[in-house]
Amino acid sequence: MAGTSDDEERGLLPEHSILPLEAYLEMQRAIGNEHRVRILNALVEEGDMSATELREELGVRGNTLRYHLDELIDVGLVENRNRKTPSNRGLYSYYRASAMGEAILEHGRRELLRREWESLETYG
């Protein structure tokens, strides 16, 4: 984070964190958007998908999908890969959730749901 010293970050991150605080904050901002969390969720739940498959699954326009995929790729939550098609007609481009993308969605979502259930049991 601009203007944040190492001393200030130490209290917020594990001592040997692999990423700076700003990278984690960027990831959180990225999944704060409904389109992006739906894209990431689809990739975690369904596995690798092409842009066409994602567009059909989520019912979004191509340019909207591309914008949000780029945002997720930029912060490291989604990866774009290419592989040869079985017919060897060229490369097939697909997207997949990165390990960090899976972790931030799965652990974040699980924790929120756990807390919601606890609140319902306590107050509901």
Side-chain angles (χ1 to χ4, degrees):
M1 192 158 69
T4 302
S5 71
D6 289 341
D7 290 337
E8 291 171 324
E9 283 191 12
R10 263 187 228 123
L12 298 172
L13 296 174
E15 184 178 342
H16 299 291
S17 179
I18 59 173
L19 296 172
L21 178 60
E22 184 59 31
Y24 290 109
L25 295 174
E26 287 174 358
M27 288 177 191
Q28 289 295 323
R29 281 189 291 268
I31 64 162
N33 175 279
E34 183 178 348
H35 286 295
R36 292 191 285 268
V37 78
R38 287 180 182 278
I39 291 167
L40 187 56
N41 186 67
L43 293 171
V44 168
E45 296 296 322
E46 303 296 326
D48 300 351
M49 298 175 85
S50 70
T52 301
E53 291 166 333
L54 277 167
R55 218 174 39 247
E56 291 170 0
E57 175 81 14
L58 301 172
V60 297
R61 294 187 329 227
N63 58 346
T64 300
L65 178 66
R66 182 78 234 157
Y67 172 79
H68 292 293
L69 276 170
D70 285 345
E71 291 289 318
L72 291 166
I73 291 167
D74 286 348
V75 298
L77 297 177
V78 168
E79 300 170 345
N80 182 288
R81 299 281 188 232
N82 292 305
R83 64 178 167 228
K84 285 197 170 198
T85 59
S87 64
N88 289 325
R89 286 198 233 172
L91 293 177
Y92 167 77
S93 179
Y94 66 96
Y95 299 90
R96 70 179 198 189
S98 68
M100 190 65 84
E102 288 184 29
I104 203 168
L105 182 66
E106 289 300 313
H107 296 289
R109 181 174 52 190
R110 283 187 188 141
E111 181 62 16
L112 284 171
L113 291 172
R114 183 187 66 76
R115 288 182 183 207
E116 181 177 1
W117 279 109
E118 283 179 1
S119 293
L120 287 172
E121 288 174 5
T122 302
Y123 303 109

- From CG (Leu43) to CG (Leu54), nearest 0.5 Å: 5.0 Å
- Atom pair CG/OG1 of Leu58 and Thr64 - distance to nearest 0.5 Å: 11.0 Å
- Report, as yes or no, whether the 6.0 Å neighbourhood of atom CZ on Arg114 holds more than 12 heavy atoms from other residues, nucleotides or ligands. yes
- Go through the steps to decide whether Tyr95 and Met49 satisfy the test side chain to side chain contact (heavy atoms under 4.5 Å, CB included), and finish with yes or no. CA-CA 5 Å; Tyr95 299 90; Met49 298 175 85; 5.8 Å; no
- Message: If you compare all heavy atoms of Pro20 against all heavy atoms of Leu13, which two are closest, and at what distance to 0.1 Å?
- Response: C-CD1, 4.0 Å
- Message: Within a 6.0 Å radius of atom CZ on Arg96, are there more than 12 heavy atoms belonging to other residues, nucleotides or ligands?
- Response: yes
- Query: Is it true that Val37 and Leu113 fall in one hydrophobic cluster, defined by side-chain heavy atoms closer than 4.5 Å?
  - Reply: no
- Rounded to the nearest 0.5 Å, how far apart are CD of Glu22 and CZ of Arg29? 4.5 Å
- Message: Return the CG to CG distance between Leu40 and Leu105, rounded to the nearest 0.5 Å.
- Response: 4.5 Å
- Note on the structure: Here the gap from Arg36 atom CZ to Tyr67 atom OH, rounded to the nearest 0.5 Å, amounts to 5.5 Å
- Item | Separation of Ile39 CD1 from Glu34 CD (nearest 0.5 Å) | 11.0 Å
- Message: Let's go through Val44 and Glu106 carefully: what are the C-alpha distance in whole Å and the side-chain angles of both, what is the deciding distance for side chain to side chain contact (heavy atoms under 4.5 Å, CB included) to 0.1 Å, and is it a yes or a no?
- Response: CA-CA 9 Å; Val44 168; Glu106 289 300 313; 3.2 Å; yes
- Identify the heavy atoms of Ser98 and Gly76 that sit nearest to each other, and give their distance. OG-O, 2.6 Å
- Message: Evaluate Val78 against Glu71 for side chain to side chain contact (heavy atoms under 4.5 Å, CB included), listing each step before the verdict.
- Response: CA-CA 9 Å; Val78 168; Glu71 291 289 318; over 6 Å; no
- Note on the structure: Looking only at heavy atoms, the pair that brings Val75 and Ala30 closest together is CG2-CB, 3.8 Å
- Stepwise side chain to side chain contact (heavy atoms under 4.5 Å, CB included) test for Arg38 and Val60: CA-CA 11 Å; Arg38 287 180 182 278; Val60 297; over 6 Å; no
